[in-house]
There are 2 protein chains.
Amino acid sequence: MSLEFAILGFLNYHPYTGYDLKKIFDTSIRHFWPADQSQIYRTLARLTGQRFAEVEKVPQEDRPDRKVYHITERGRAELLRWLAGPPPMGEPRSAPLIQVFFAGQLSDEEVLAKFEGFAAVMRAILSQYNQVPAQIGPYEQEITSPREHFFWLLTLDNGIRSMRANLEWAENVIAQVKAGKVPHK
Amino acid sequence: MSLEFAILGFLNYHPYTGYDLKKIFDTSIRHFWPADQSQIYRTLARLTGQRFAEVEKVPQEDRPDRKVYHITERGRAELLRWLAGPPPMGEPRSAPLIQVFFAGQLSDEEVLAKFEGFAAVMRAILSQYNQVPAQIGPYEQEITSPREHFFWLLTLDNGIRSMRANLEWAENVIAQVKAGKVPHK
DNA sequence: ATATAATATATGATTAATCATATATAAGGA
DNA sequence: TCCTTATATATGATTAATCATATATTATAT
């Protein structure tokens, strides 16, 4: 479902091919909704079947023909209905937390290494996030209005705040392990 | 993959049936790894096929026979290898952030309602999390050691910190909308 | 000269997860 | 009495997502 709406969201800005959309995803929302090329193409086919989008075939000579997708009125209405509707559920799953839950099986040294590993990953992601504003470049031309830009920055702010909270959590655990505050069996 | 290790983690504490495991999941890790009954049964079958677990059939008279699963040495080794190994990737996907990304299509009033909806959901989840320690009851008998209890509380702390950071983010957005700081097109 | 990246779309296979439903019996509540 | 809940396991169908691979041409880099 979500991918359909993400694609409709971009088609609402401008008509695009599947190839365009893959690049746009990879330079914008991939941080909270990565999309596989094959899945984008299959979803475009489904959106067309539902008459939320229409295909315009653009023949090319030396390149494969392009299939440019245009959002329909039906599609636009569907998008706005979803946007104004109730909040979709956030994905609750976290594989790292399964490791934490059962980490009592490890020695204190292993626990320390594990959480230092978590912290390293989180710092790497945070520094990636901090570089995002500098990478808007090519995408900025697609999203023209300052209003759209504002909401794009909000998603980034969300990521940064979440990751900071997670990093603080991990650092707090590391301090506890080092202080010998982890109970033994 | 993750579900396999979660099940191995519990079988490492004690032998259980699929039915037991479903109840244990629902009173413990369902907040970060919900599991469907049918998926638990199918995964137990797979774990048995991989010789990470063994079945003990316990006939009953007035109830259906129980299939009690025991972790094997192979299974225990596999679990510990995974626990000590590299951090698994966190799930990046967030459907709510797709709504935020395209929220510029809504009016300021709709945006305000949307974020108040987010905040309400987050507050509800937070208050659920705050009630978790009181609900340990039945599960506490399964996890005996204070060490295991400590790590269980760490997963809860992670959830609370994340959710608080998210709520602060939403409240910050609400304040910005109310202050008329959202750019128009 | 050779390899790989870019342009462009498409399908097959597989996995993880969800939803629905089936079977069978007993206990407890309305 | 009738309905629901609890005990216990199992399968079929479907969806979302991933991975691999196929096709075909041009431009660029080694």
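In the text below, chain A, chain B and the rest are named by the order of the sequence lines, each starting its count at 1. Source: prediction; values computed, not measured. FYI, side chains are in, hydrogens and waters are out, and symmetry mates aren't considered; it's all heavy atoms of this structure.
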Q: How many Å lie between CZ on A:R46 and P on D:dA17, as a whole number?
A: 9 Å

Q: Residues two or more places apart in sequence or in another chain: which of them pass ring-ring contact (aromatic ring centres under 6.0 Å, His included) with A:F52?
A: none

Q: Can you tabulate the close N/O pairs, meaning under 3.5 Å, that link protein atoms to atoms of nucleotides 22-29 of chain D?
A:
residue: D:dT25; atom: O2; partner: A:R63; partner atom: NH1; Å: 3.4

Q: Starting from P on C:dT15, measure out to CD on B:E4 and report it in whole angstrom.
A: 11 Å

Q: Report yes if a side-chain nitrogen or oxygen of B:Q39 is closer than 4.0 Å to either non-bridging phosphate oxygen (OP1 or OP2) of C:dA17; otherwise report no.
A: yes

Q: Is the shortest side-chain N/O distance from B:R42 to OP1 or OP2 of C:dT18 below 4.0 Å?
A: no

Q: Return the value, rounded to whole Å, for the distance between atom CD1 of B:I7 and atom P of D:dT9.
A: 12 Å

Q: Quick check on DNA chain D: between A:L3 and B:K67, whose nearest nucleotide comes earlier from the 5' end?
A: B:K67

Q: Starting at the 5' end of DNA chain D and moving along, which residue's nearest nucleotide shows up first, B:Y19 or B:Y69?
A: B:Y19

Q: Rounding to an integer number of Å, can you tell me how far B:I40 CD1 sits from C:dC19 P?
A: 14 Å

Q: From CG of B:D65 over to P of D:dA8, roughly how many Å is that when rounded to an integer?
A: 10 Å

Q: Using a heavy-atom cut-off of 4.0 Å across all strands, would you classify A:K23 as base, sugar-phosphate, or nothing?
A: sugar-phosphate

Q: Under the rule for side chain to side chain contact (heavy atoms under 4.5 Å, CB included), what residues qualify as partners of B:R164, not counting sequence neighbours?
A: B:L126, B:I160

Q: List for me each residue that meets side chain to side chain contact (heavy atoms under 4.5 Å, CB included) alongside A:Q39, sequence neighbours excluded, and say none if there are none.
A: A:L3, A:D36, A:T43

Q: How would you list, by chain and number, every residue that makes a ring-ring contact (aromatic ring centres under 6.0 Å, His included) with A:W82, sequence neighbours excluded?
A: A:F5

Q: Please report, rounded to the nearest Å, how far the P atom of C:dT9 is from the OH atom of A:Y41.
A: 4 Å

Q: Please identify which of these residues, A:F10, A:W152, A:W33, meets the ring-ring contact (aromatic ring centres under 6.0 Å, His included) condition with B:F102.
A: A:F10

Q: Using whole Å, report how far CE of A:M1 lies from C1' of D:dA17.
A: 15 Å

Q: For D:dT7, take OP1 and OP2 only and decide whether either is under 4.0 Å from a side-chain N or O of B:Q60.
A: no

Q: Would you mind reading off the distance between A:W33 atom CH2 and D:dA16 atom P, rounded to a whole angstrom?
A: 10 Å

Q: Counting any heavy atom closer than 4.0 Å, what does B:S38 reach on the DNA or RNA strands: base, sugar-phosphate only, or nothing?
A: base

Q: If you draw the axis of the six-membered ring of A:Y19, does the NZ or CZ of A:K23 fall within 45° of it and under 6.0 Å from the ring centre?
A: no

Q: What donor-acceptor contacts under 3.5 angstrom involve side-chain atoms of residues 86-95 of chain B, with partners at least two apart or in another chain?
A:
residue: B:E91; atom: OE2; partner: B:R93; partner atom: N; Å: 3.0
residue: B:R93; atom: NH2; partner: A:P34; partner atom: O; Å: 2.7
residue: B:S94; atom: OG; partner: B:L97; partner atom: N; Å: 3.3

